[in-house]
Novice: 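One structure, pasted below without further comment.
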Amino acid sequence: MTSATQIRIRPETKSDEQEIEDVTLVAFLNAEHTDHNEQFIVRSLRQANHLSISLVAEDEATRTIVGHAAVSPVNISDGSENWYGLGPISVLPQYQGTGVGSRLMKQAMAELQSSHAAGCVVLGNPNYYERFGFRADPSLQLPGVPPEYFMTLTWRKPTPTGTVSYHKAFEASA
């Protein structure tokens, strides 16, 4: 295994698409709370031209992709603009815990901030995402999800109030 210092974070290229799909599939293979459709979501977001940010983590020694982060616009029922959703974010199991996911997260959030995003939402484990400033906020909700697992990171106040909806690509199953 390689340390995170030998990992390069870069934008995806067309030639990365199959490798991203493979990494995403393997990363979620034994994960809890998944429908195992994350690779289809990324593909559908790409096909719909709805991937605002798509970053890969590449092992510099082997030139293989070991992680991926996707960011796409979300809609908020109160009409707030410039809000995004993080995910799926994938790291091969043998690279988890080495800082690869953290580097992908930090780069994705930096790119969102530099593009003047108002904020970002994520559905996931609070123990992981709270490290990056995400917090559960009852003013934003994702129907059918326990509120503690749906978190926001606001850069431009105020935080919107309403229901968040993701692109229809998140319904992809093949």
Side-chain angles (χ1 to χ4, degrees), residues 4 7 9-12 20 23-24 27-28 30-39 41-42 44-45 48 50-57 66-93 95-172:
I7 300 294
I9 307 298
R10 62 170 176 78
E12 79 165 39
I20 289 168
V23 165
T24 305
F28 283 95
N30 296 312
E32 294 182 57
H33 311 295
T34 177
D35 293 331
H36 299 286
N37 62 347
E38 290 82 5
Q39 70 276 18
I41 292 170
V42 173
S44 294
L45 285 169
H50 217 65
L51 269 176
S52 302
I53 297 172
S54 183
L55 300 173
V56 297
V66 301
H68 176 257
V71 178
S72 59
V74 295
N75 291 315
I76 301 177
S77 60
D78 74 356
S80 294
E81 295 181 347
N82 296 318
W83 273 80
Y84 294 84
L86 171 69
I89 184 167
S90 313
V91 177
L92 288 176
Y95 286 82
Q96 292 174 9
T98 66
V100 171
S102 293
R103 290 192 50 204
L104 282 165
M105 283 281 305
K106 289 174 185 173
Q107 183 65 35
M109 294 305 98
E111 289 188 22
L112 275 177
Q113 283 186 283
S114 71
S115 71
H116 306 292
C120 186
V121 296
V122 67
L123 174 62
N125 185 332
N127 293 330
Y128 183 77
Y129 292 104
E130 286 178 350
R131 294 188 286 165
F132 303 99
F134 284 92
R135 299 284 180 262
D137 186 332
S139 66
L140 278 179
Q141 300 173 357
L142 184 63
V145 171
E148 64 271 20
Y149 290 97
F150 187 66
M151 295 160 279
T152 67
L153 181 57
T154 304
W155 294 298
R156 292 199 332 239
K157 301 283 184 188
T159 299
T161 300
T163 301
V164 175
S165 57
Y166 286 83
H167 188 270
K168 65 182 178 181
F170 280 82
E171 299 166 13

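Only this structure's heavy atoms are used, side chains among them; waters, hydrogens and symmetry mates stay out.
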Novice: Return the set of residues passing side-chain hydrogen bond (donor to acceptor under 3.5 Å, both in side chains) with S72 (not counting sequence neighbours), or none when no residue passes.
Specialist: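 Here no residue qualifies.
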Novice: What distance do T159 atom OG1 and K157 atom NZ have between them, rounded to the nearest 0.5 Å?
Specialist: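 With rounding to 0.5 Å, OG1 (T159) is 4.5 Å from NZ (K157).
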Novice: Hey, what do you get for CE (M109) to CD (Q107), rounding to the nearest 0.5 Å?
Specialist: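 Nearest 0.5 Å value for the CE-CD distance: 10.0 Å.
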Novice: Nearest 0.5 Å, please: how far is CD in E38 from NE2 in H68?
Specialist: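 If I round to the nearest 0.5 Å, the distance is 12.5 Å.
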Novice: When you compare the side chain of H167 with that of P73, does any pair of heavy atoms fall below 4.5 Å?
Specialist: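 Answer no - side chains too far apart.
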Novice: Name all residues meeting the side-chain hydrogen bond (donor to acceptor under 3.5 Å, both in side chains) criterion together with S44; count only those two or more places apart in sequence or in a different chain, and write none if there are none.
Specialist: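 With sequence neighbours excluded, S44 shows a side-chain hydrogen bond (donor to acceptor under 3.5 Å, both in side chains) to no residue whatsoever.
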Novice: Does anything in residues 119-129 pair up under side chain to side chain donor-acceptor pair (under 3.5 Å), and if so which pairs, sequence neighbours excluded?
Specialist: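 Side chain to side chain donor-acceptor pair (under 3.5 Å) check on residues 119-129 returns no pairs.
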Novice: Measure the CH2-CG distance between W155 and N82 for me, rounded to the nearest 0.5 Å.
Specialist: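 Output value for this atom pair is 11.0 Å.
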Novice: F28: which residues meet the ring pair (Phe, Tyr, Trp, His ring centres under 6.0 Å) condition with it, sequence neighbours left out?
Specialist: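 By the ring pair (Phe, Tyr, Trp, His ring centres under 6.0 Å) rule, F28 matches no residue at all.
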Novice: Go through the structure and list residues passing side chain to side chain contact (heavy atoms under 4.5 Å, CB included) with S165, not counting sequence neighbours.
Specialist: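 Counting only residues at least two positions away or on another chain, S165 forms a side chain to side chain contact (heavy atoms under 4.5 Å, CB included) with N75.
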Novice: Only counting residues at least two apart or in another chain, list the ones meeting salt bridge (Lys or Arg N to Asp or Glu O under 4.0 Å) with R10.
Specialist: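 Salt bridge (Lys or Arg N to Asp or Glu O under 4.0 Å) list for R10, sorted by chain: D16, E58.
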Novice: Using atom types as modelled, flag every donor-acceptor pair under 3.5 Å from a side chain in residues 114-122 to any protein atom, sequence neighbours excluded.
Specialist:
from: S114; atom 1: OG; to: A110; atom 2: O; distance (Å): 3.4
from: S114; atom 1: OG; to: E111; atom 2: O; distance (Å): 3.0
from: S115; atom 1: OG; to: E111; atom 2: O; distance (Å): 3.4
from: S115; atom 1: OG; to: L112; atom 2: O; distance (Å): 2.8

Novice: Let me have the donor-acceptor pairs involving side chains of residues 134-153, under 3.5 Å, with sequence neighbours excluded, atom names and distances please.
Specialist:
from: R135; atom 1: NH1; to: E130; atom 2: O; distance (Å): 3.0
from: D137; atom 1: OD1; to: S139; atom 2: N; distance (Å): 2.9
from: D137; atom 1: OD1; to: S139; atom 2: OG; distance (Å): 2.8
from: D137; atom 1: OD2; to: S139; atom 2: OG; distance (Å): 3.4
from: S139; atom 1: OG; to: P160; atom 2: O; distance (Å): 3.1
from: Q141; atom 1: NE2; to: P138; atom 2: O; distance (Å): 3.4
from: T152; atom 1: OG1; to: R135; atom 2: O; distance (Å): 3.4

Novice: Can you list everything that forms a side chain to side chain contact (heavy atoms under 4.5 Å, CB included) with V23? Sequence neighbours excluded, please.
Specialist: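 With neighbours one apart ignored, the set is I65, S90, L92.
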Novice: Which residues pass the side chain to side chain contact (heavy atoms under 4.5 Å, CB included) test with A69, not counting sequence neighbours?
Specialist: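 Side chain to side chain contact (heavy atoms under 4.5 Å, CB included) list for A69, sorted by chain: I89, L104.
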